[in-house]
Amino acid sequence: MTGSGLDFIREIVARDLSTNKHGGRVCTRFPPEPNGYLHIGHAKSICLNFGIAQENGGVCHLRFDDTNPTKEEVEYVDSIMNDVRWLGFDWKDKLFYASDYFEQLYDYGEDLIRAGKAYVCSLTADQIRDFRGTLTEPGRNSPHRDRSVDENLDLFRRMRSGEFPDGTHVLRAKIDMASPNLNMRDPTLFRIRKVPHHRTKDTWCIYPMYDYAHCVSDAIEGITHSICTLEFENHRPLYDWCLDQLNVPCHPQQIEFARLNLTYTVMSKRKLLQLVQDRHVWGWDDPRMPTLAGLRRRGYTPESIRRFCEKIGVAKNDSVIDIHILEETIREELNRHAPRVLAVLRPLKVVIDNYPESQVEELDAVNNPEDPSAGTRKVPFSRTIWIEQDDFREDPPKQFFRLAPGREVRLRYAYIIRCAEVVKDQETGEIIELHCTYDPATRGGSAPDGRKVKATIHWVSADHAFETDVRLLEHLFTTPDPGQIKDGAQMKETLNPRSLEVLEGCKLEPGLKSAAPGTRFQFERMGYFFVDPVDSKEGAPVFNRVVTLRDTWAKIEKSQKGGG
RNA sequence: UCCGGGGUGGUGUAAGUGGCAGCACAGCAGACUUUGGAUCUGUUAGUUCAGGUUCGAGUCCUGGCCCCGGAGCCA
């Protein structure tokens, strides 16, 4: 019953440390391809790799896997470094690029040829596919498989010098065309791509493939544990093969774990890119996106994301994490730290008939009941106030405790009021305002006669309210498993049309006018909100809802409707 | 069909050499409450199946079933 508490990867690392397998060293790496923005799935990998290094006095390298210049851009390099730093990790001076090793990778390629372990193949891409065989049938040897070392060397050098057009030759490993593992059927090591690279510019026209570049890069850097996701499991024999053939400094161990999947969102870079390109979102940093940039703009903190990654664990089972776990994690943190304020999102006017016409009182409000040191503040109260439309029902259902004709409710930190009259639009029947009376003996909200008032609602003084936009954000998709989506049309169908709702003219307590971009608040009873750092201006904050509060009433109401 | 990997409550994740199946979230019930928030208490629910070894199997053996990945000059 007394388990080690370690996940299976940390267990391997601990064992290797105890057997002194790598001379007491722990060196990991996070190897993104700069072809998109980092998302929360990458955060899992970042926390794992940097975390393991940190815990064991090791280092974690940041290495860009930039071997395919047709898809990679500096914009992505910059965003990735920014996001890793924001998440709270530091690669010190260990910043690398696979492209740093192009020359060595090329030299090792010649070594392979000299050892008779690689050859230049001049089949077309289609022919190579055809010769590869199928899952159940072995492949056939390329007619160029037995070219002499000299011929191979000559051809490989001329590939490098730009003598041949794209697609005419590739360098292939000479392994086994009959292997049941397709990755071992003479995989391509280098291909010709006459396109400039974002770092090496036009010095190269041949580029190494992932399988070859990755293991060699790991070995060059002295990585001890090369942690990647499950889809590379079939590639491990090739990872090991390459390193076994070459005279490299060390042989890292590749370990695979299950990538993160979240309900109601997509995690593939391709689909994320599609959302951006098709303008279904504002961009990579849209607060509905599962990208780190999006989560950051939504109002998630780095701590909450790290904590989330801790909670979900690391294993080899394919799994889908309920997105509510993520939401619960940010709630836990913000509950402890976010200052409370009063904000009415969908306002309904209330006139307190027996409250003196021009009177204003400054009432004491607690900033954070979870943190007494946060102190108190004053909020103005007057004869006309705004309350939430949802907090009044003309015909209250069972278990609805809030305001209704003839009923009492407590205004937080203010008074107990009773609803005396409902004013409606003559034509539409829409409720436009309420007339209430207040009990002057209940100042601050307590009833000296000891009577119980079940509900407390939030409010904002109409004369003092600060008006601004508030955005309510929901899941991007209506289906819990949009990862199954195949094409663009299907994606469009499953997108949640209500993922973004912009509420204009929300009434906030006056102090919020000076809310600084990038700060977080709890709007009492409504949720946690973040001052959007992009769209807010000095004195004109715009709020994004990070997450709602747990809403017991919403649950009751839902089950009432559902149950009939 | 071939190769690789994986199946523990609704979800996720634990149980060094076989020894009371634990934790978190969700659910349900209750307490408390000037946020239907927070907090606290209690509780429902699980080893993919069939055999075998054993005093004893989530763990070991045999066989089946189901799921995921793999035929890029992508990573």
Side-chain angles (χ1 to χ4, degrees), chain A residues 1-7 11 31-33 35 65-68 70-72 121 123-125 128-130 132-139 166-172 179-185 187-193 206-207 209-211 213-214 228-237 256 258 263 269-270 311-322 324-325 328-329 331-332 335-336 340 342 366 368-370 399-402 410-414 416 442 444-447 453-458 522-527 548-557:
Chain A
M1 295 299 95
T2 46
S4 55
L6 299 179
D7 59 67
E11 240 164 56
E33 183 189 14
N35 67 343
D65 225 325
D66 54 351
T67 57
N68 184 356
T70 63
K71 291 186 177 176
E72 296 152 7
C121 179
L123 257 22
T124 65
I128 288 182
R129 190 182 316 119
D130 188 42
R132 186 156 33 230
T134 69
L135 294 176
T136 50
E137 301 156 25
D166 288 11
T168 51
H169 306 274
V170 291
L171 184 73
R172 288 229 251 170
S179 171
N181 182 341
L182 291 278
N183 295 121
M184 300 298 272
R185 320 245 262 227
T188 300
L189 267 22
F190 280 90
R191 77 288 215 189
I192 302 172
R193 282 272 186 288
I206 59 172
Y207 293 93
M209 298 289 290
Y210 164 86
D211 285 306
H214 200 87
C228 62
T229 44
L230 251 29
E231 68 269 25
F232 292 102
E233 218 156 13
N234 293 325
H235 295 244
R236 192 172 59 225
E256 310 86 9
T263 57
K269 280 200 215 172
R270 206 197 92 242
K311 283 188 189 181
I312 59 176
V314 179
K316 292 192 74 159
N317 310 344
D318 281 314
S319 60
V320 184
I321 307 289
D322 192 328
H324 297 116
I325 304 274
E328 189 55 27
T329 310
R331 273 194 204 106
E332 280 170 9
N335 175 50
R336 284 194 299 272
R340 271 60 169 174
L342 302 179
V366 173
N368 187 347
E370 304 297 314
Q399 294 187 73
F400 183 87
F401 306 141
R402 282 112 93 154
R410 173 168 34 239
L411 296 177
R412 174 135 244 223
Y413 303 125
I416 293 173
T442 58
S446 55
V453 175
K454 199 135 189 181
T456 301
I457 66 172
H458 60 279
Q522 184 195 103
F523 290 2
E524 291 210 24
R525 305 205 306 133
M526 301 307 285
T548 60
L549 254 29
R550 277 191 212 146
D551 191 343
T552 309
W553 166 242
K555 209 158 62 184
I556 294 170
E557 203 180 23

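In what follows, chains carry the letters A, B, and so on, assigned in the order in which the sequence lines appear, proteins first and then strands, with residues in each chain numbered from 1. For clarity, every value in this text was computed on a predicted model and none was experimentally measured.
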Whether the side chain of A:D211 engages the backbone of A:L189 through a donor-acceptor N/O pair (distance < 3.5 Å, no angle test) should be reported.
no
Tell me what A:I556 touches on the nucleic acid: a base, only sugar-phosphate, or nothing, going by heavy atoms under 4.0 Å.
base
Which of B:G37, B:A75, B:U13 is nearest the side chain of A:L549? It is B:G37
Work out how far the C1' atom of B:C20 is from that of B:G27, and round it to whole angstrom.
26 Å
C1' gap between B:G16 and B:C73, integer Å:
47 Å
Presence of salt bridge, A:R550 and A:E328, under 4.0 angstrom:
yes
What is the nucleic acid contact for A:V366, judged by heavy atoms within less than 4.0 Å: base, sugar-phosphate only, or nothing?
nothing
A:K555: which residues meet the salt bridge (Lys or Arg N to Asp or Glu O under 4.0 Å) condition with it, sequence neighbours left out?
none
Checking all strands, does A:E137 fall into the base, sugar-phosphate, or nothing category for heavy-atom contacts under 4.0 angstrom?
nothing
Which part of the nucleic acid, if any, lies within contact of A:Y413, taking any heavy atom under 4.0 Å across all strands shown: a base, the sugar-phosphate backbone alone, or nothing?
base
Let me know the distance between CG of A:D65 and C1' of B:C74, rounded to the nearest Å.
11 Å
Between B:G36, B:C25, B:C73, which nucleotide has the shortest distance from any of its atoms to the side chain of A:I128?
B:C73
Distance check, P atoms only: B:A21 and B:G46, in whole angstrom units.
13 Å
Which residue lies toward the 5' end of RNA chain B, A:I321 or A:G445, if each is placed at its nearest nucleotide?
A:I321
Touch class at under 4.0 angstrom, heavy-atom based, for A:K555 against every strand present:
sugar-phosphate
Look at all strands and tell whether A:E256 reaches a base, only sugar-phosphate, or nothing, counting heavy atoms closer than 4.0 Å.
nothing
C1' atoms of B:U44 and B:U62, separation to the nearest Å:
37 Å
Under the ring-ring contact (aromatic ring centres under 6.0 Å, His included) rule, collect the residues that match up with A:H458, sequence neighbours excluded.
none
Could you tell me whether A:L189 contacts a base, only the sugar-phosphate backbone, or nothing, with contacts defined as non-hydrogen atoms closer than 4.0 Å?
nothing
Per atom distances to the A:I325 side chain, the nearest of B:A75, B:G5, B:C25 is B:C25
Find the distance A:E33:CD to B:C74:C1' and express it as a whole number of Å.
7 Å
NA contact type, A:T263, heavy-atom cut-off 4.0 Å: base, sugar-phosphate, or nothing?
nothing
Given the 90°-from-0 boundary between syn and anti, B:G72 should be labelled syn
Need one value for A:T136: base, sugar-phosphate or nothing, where a base atom within 4.0 Å counts as base even if backbone is also close, heavy atoms only.
base
For RNA chain B, which consecutive runs of 3 or more Watson-Crick or G-U pairs (each distance under 3.5 Å) count as stems?
B:2-7 with B:65-70, B:10-13 with B:22-25, B:27-31 with B:39-43, B:48-52 with B:60-64
What's the gap between B:U33 and B:C49 when it is taken at their P atoms, as a whole Å value?
47 Å
Could you please spell out the steps behind the ring pair (Phe, Tyr, Trp, His ring centres under 6.0 Å) verdict for A:F401 and A:W553?
CA-CA 9 Å; A:F401 306 141; A:W553 166 242; 7.5 Å; no
Looking at residues at least two apart in the chain, or sitting in another chain, which of them share a side chain to side chain donor-acceptor pair (under 3.5 Å) with A:K316?
A:E233
If the condition is salt bridge (Lys or Arg N to Asp or Glu O under 4.0 Å), which residues does A:E231 pass it with, not counting sequence neighbours?
A:R259
Contact letters for nucleotides 66-72 of chain B, in which S counts primed atoms plus P, OP1 and OP2 and B counts the base, heavy atoms under 4.0 Å
--SBBBS
Can you name the salt bridge (Lys or Arg N to Asp or Glu O under 4.0 Å) partners of A:R525, sequence neighbours left out?
A:D391
To the nearest angstrom, the CD1-P distance between A:I457 and B:G37 comes to 16 Å
List for me each residue that meets side chain to side chain contact (heavy atoms under 4.5 Å, CB included) alongside A:A213, sequence neighbours excluded, and say none if there are none.
A:T67, A:L105, A:P208
Across the strands shown, which category fits A:A315 at heavy-atom distances under 4.0 angstrom: base, sugar-phosphate, nothing?
sugar-phosphate
Kindly say whether A:I416 contributes a backbone atom to a donor-acceptor pair with the side chain of A:T442 at under 3.5 angstrom?
yes
Which one, B:U13, B:U35, B:A75, comes nearest to the side chain of A:N317?
B:U13
What is the separation between atom NZ on A:K454 and atom C1' on B:U35, rounded to the nearest whole Å?
15 Å
Between P of B:U33 and CZ of A:R525, the distance in whole Å:
18 Å
Protein-nucleotide distance (A:I192, atom CD1; B:C73, atom C1'), rounded to Å
9 Å
Which part of the nucleic acid does A:F523 contact within heavy-atom distance under 4.0 Å: base, sugar-phosphate only, or nothing?
nothing
Between A:E137 and A:R132, is the closest basic N to carboxylate O distance under 4.0 Å?
no
Taking the side chain of A:R412 as heavy atoms from C-beta outward, which of B:U35, B:G12, B:A75 is closest to it?
B:U35
Which nucleotide in B:A75, B:G5, B:G36 has an atom nearest any side-chain atom of A:R402
B:G36
Within this structure, what is the CZ-to-C1' distance between A:R270 and B:C74, rounded to whole angstrom?
12 Å
Using the C1' atom on both, measure B:U11 against B:A45 and round to a whole Å.
12 Å
If the condition is salt bridge (Lys or Arg N to Asp or Glu O under 4.0 Å), which residues does A:R410 pass it with, not counting sequence neighbours?
none
Which is true for A:V453 with a 4.0 Å heavy-atom rule: it touches a base, it touches only sugar-phosphate, or it touches nothing?
nothing
Ranking B:G36, B:A14, B:A26 by distance to the side chain of A:D7, first place goes to B:A14
Taking only the C1' atom of each, what is the distance from B:U48 to B:C66 in whole angstrom?
7 Å
Using side chain to side chain contact (heavy atoms under 4.5 Å, CB included) as the criterion, list what pairs up with A:E72, not counting sequence neighbours.
A:E33, A:P34, A:N35, A:D66, A:N68, A:H197, A:H198
Once you round it to whole Å, what is the distance between C1' of B:C73 and OH of A:Y210?
17 Å
For A:P138, enumerate each residue passing the side chain to side chain contact (heavy atoms under 4.5 Å, CB included) test, keeping only those at least two apart in sequence or located in another chain.
A:A178
Distance between C1' atoms of B:U53 and B:G10 (Å, rounded)
35 Å
What's touching nucleotides 39-43 of chain B from the protein side, N or O pairs under 3.5 Å?
none

